[in-house]
Amino acid sequence: MTPRFVLVLSENWTLTTGRDLPTLVRWAREAEDAGFDAVMVSEHVVLGPDAGADGVMGNPREYALPGNQDPFTPWPGSLMLLGAIASVTTRIRLAAAAILAPLRHPLALARDIGTLDLLSEGRLVVQPTVSWSKDEYAALGVPFTKRGQILDEQLEIWDLLWRGSPVSYSGRHFSFEDVYFEPRAHRPDGPRMWLGGQHLHDRLLDRIVKYGHGFHPLGRPTLDELERLASAMAAAGRDAADLEMIGGCRPVFPDDDSVSPLAPALESIPGQMEQGFTTFCIKPSQFTDDPDGVGAFCREVVKRADALTS
């Protein structure tokens with residue numbers, strides 16, 4: 001099997017600025033031309049002081065994690081950016097990962113998601129998540145401790161909306177009667193959905209089994225977690241082999257001012273594929289400082305990966 005690659009378009013601010021969004025759109029088109037399978041955009045609505053509470057990352061090319069980023073880090077609106085990318089591409093998938101769903105009303109968010117899925121003719125992938133920033137939740141007036149409950153209700157509501165109108169729902173956080181939702185998403189069961197997190201806790205496992213088309217963990221899951229996932233899928237009558245498994249490529253930075261060589265970051269791909277992973281995220285700014293070299297970088301990734309797995 002040939003590995004599939006996802007170009008991470010968020011957090012590349014050593015290559016371009018957070019205001020130069022047309023460059024990100026161009027990179028997406030170049031990634032499609034190079035044979036990449038998807039592009040990915042993550043999001044925050046706002047950041048607060050807790051964004052850097054644990055100390056800002058040494059190398060600005062690292063991934064943004066809870067508590068390691070400058071609060072001034074740019075986070076453009078993911079769905080609007082992916083809409084622009086949809087208009088200039090024809091094949092590449094559009095991964096909105098992660099969507100901070102509890103910060104929005106599920107009906108309004110479903111409208112945006114469904115519209116983008118129609119515009120892209122079913123190329124949208126959504127990864128809803130609860131995220132980690134208490135400051136962000138406080139700024140938007142959403143109770144941080146209820147975010148998991150809110151997401152669970154949102155997932156239930158979306159599952160109803162994609163299937164047809166009218167829809168009624170009565171929950172602890174959302175309630176409505178006889179709403180009509182047209183047009184719906186491209187597929188009758190909605191956009192493809194990835195789910196993931198730092199750990200495979202019980203609530204996440206339940207969401208994957210009920211709604212997931214892909215498992216996208218933050219970091220490398222343990223063998224025990226992978227076995228639990230396979231067992232839970234089988235118990236629900238689902239084949240774990242049908243679940244897309246999304247891995248990653250770890251950079252090896254020589255210091256805080258330099259990019260990583262590409263070859264060591266790709267070496268783990270064959271081993272991950274043996275565990276069932278098929279799709280791999282890679283962030284260009286971790287491997288190049290040339291904003292005009294992203295297309296060439298994508299072609300090099302595909303070439304090297306083919307050599308590793310052939």
Side-chain donor-acceptor pair present, [X], [Y], cut-off under 3.5 Å:
{"X": "Glu32", "Y": "Trp27", "value": "no"}
{"X": "Asp20", "Y": "Thr17", "value": "no"}
{"X": "His186", "Y": "Glu121", "value": "no"}
{"X": "Ser120", "Y": "Arg93", "value": "no"}
{"X": "His213", "Y": "Glu244", "value": "no"}
{"X": "Arg4", "Y": "Thr278", "value": "yes"}

Could you tell me whether [X] and [Y] make a salt bridge, using a distance below 4.0 angstrom between a side-chain N and a carboxylate O?
{"X": "Asp152", "Y": "Arg203", "answer": "yes"}
{"X": "Asp206", "Y": "Lys210", "answer": "yes"}
{"X": "Arg104", "Y": "Glu43", "answer": "yes"}
{"X": "Glu182", "Y": "Arg184", "answer": "yes"}

**OP:** Please confirm whether Arg147 makes a cation-pi placement over Phe144, using NZ or CZ under 6.0 Å from the six-membered ring centre and within 45° of the ring normal.
**Re:**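 Positive - Arg147 is close enough to the ring of Phe144 and near enough to its axis.
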Subject >> Phe253 six-ring face occupied by Arg61 cation (under 6.0 Å, within 45°) >> reply: no
Original post:
Between Tyr211 and Phe181, is there a shared hydrophobic cluster once you connect ILVMFWY residues whose side-chain heavy atoms come closer than 4.5 Å?
Top reply: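 Yes, because Tyr211 and Phe181 connect within a single hydrophobic cluster, where side-chain heavy atoms sit under 4.5 Å apart.
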Original post:
For the hydrophobic clusters of this structure (ILVMFWY residues joined by side-chain heavy atoms under 4.5 Å, transitively), does one cluster hold both Met40 and Val302?
Top reply: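 No, Met40 and Val302 fall in different hydrophobic clusters.
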Original post:
How about Phe280 and Val301: do any of their side-chain heavy atoms sit closer than 4.5 Å?
Top reply: no
Original post:
Got Arg220 and Ser268 here, is their nearest side-chain heavy-atom distance under 4.5 Å?
Top reply: yes
**OP:** Could I get the full list of side chain to side chain contact (heavy atoms under 4.5 Å, CB included) partners for Asp257, not counting sequence neighbours?
**Re:**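 Asp255.
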**OP:** Output, in order, the C-alpha distance, side-chain angles, deciding distance and verdict of ring-ring contact (aromatic ring centres under 6.0 Å, His included) for Tyr169 and Phe174.
**Re:** CA-CA 7 Å; Tyr169 186 83; Phe174 305 103; 7.6 Å; no
Subject >> ring pair (Phe, Tyr, Trp, His ring centres under 6.0 Å) against Phe5, all qualifying residues, sequence neighbours excluded >> reply: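 Counting only residues at least two positions away or on another chain, Phe5 forms a ring pair (Phe, Tyr, Trp, His ring centres under 6.0 Å) with Phe36.
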Subject >> Pair listing, salt bridge (Lys or Arg N to Asp or Glu O under 4.0 Å) test, anchored in residues 223-234, at least two apart >> reply: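 For residues 223-234: Asp202-Arg228.
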**OP:** Quick one: do Glu153 and Trp158 satisfy side chain to side chain donor-acceptor pair (under 3.5 Å)? Show the steps, please.
**Re:** CA-CA 9 Å; Glu153 289 195 10; Trp158 292 349; over 6 Å; no
Subject >> Within 6.0 angstrom of Glu177 CD, more than 12 heavy atoms from elsewhere >> reply: no
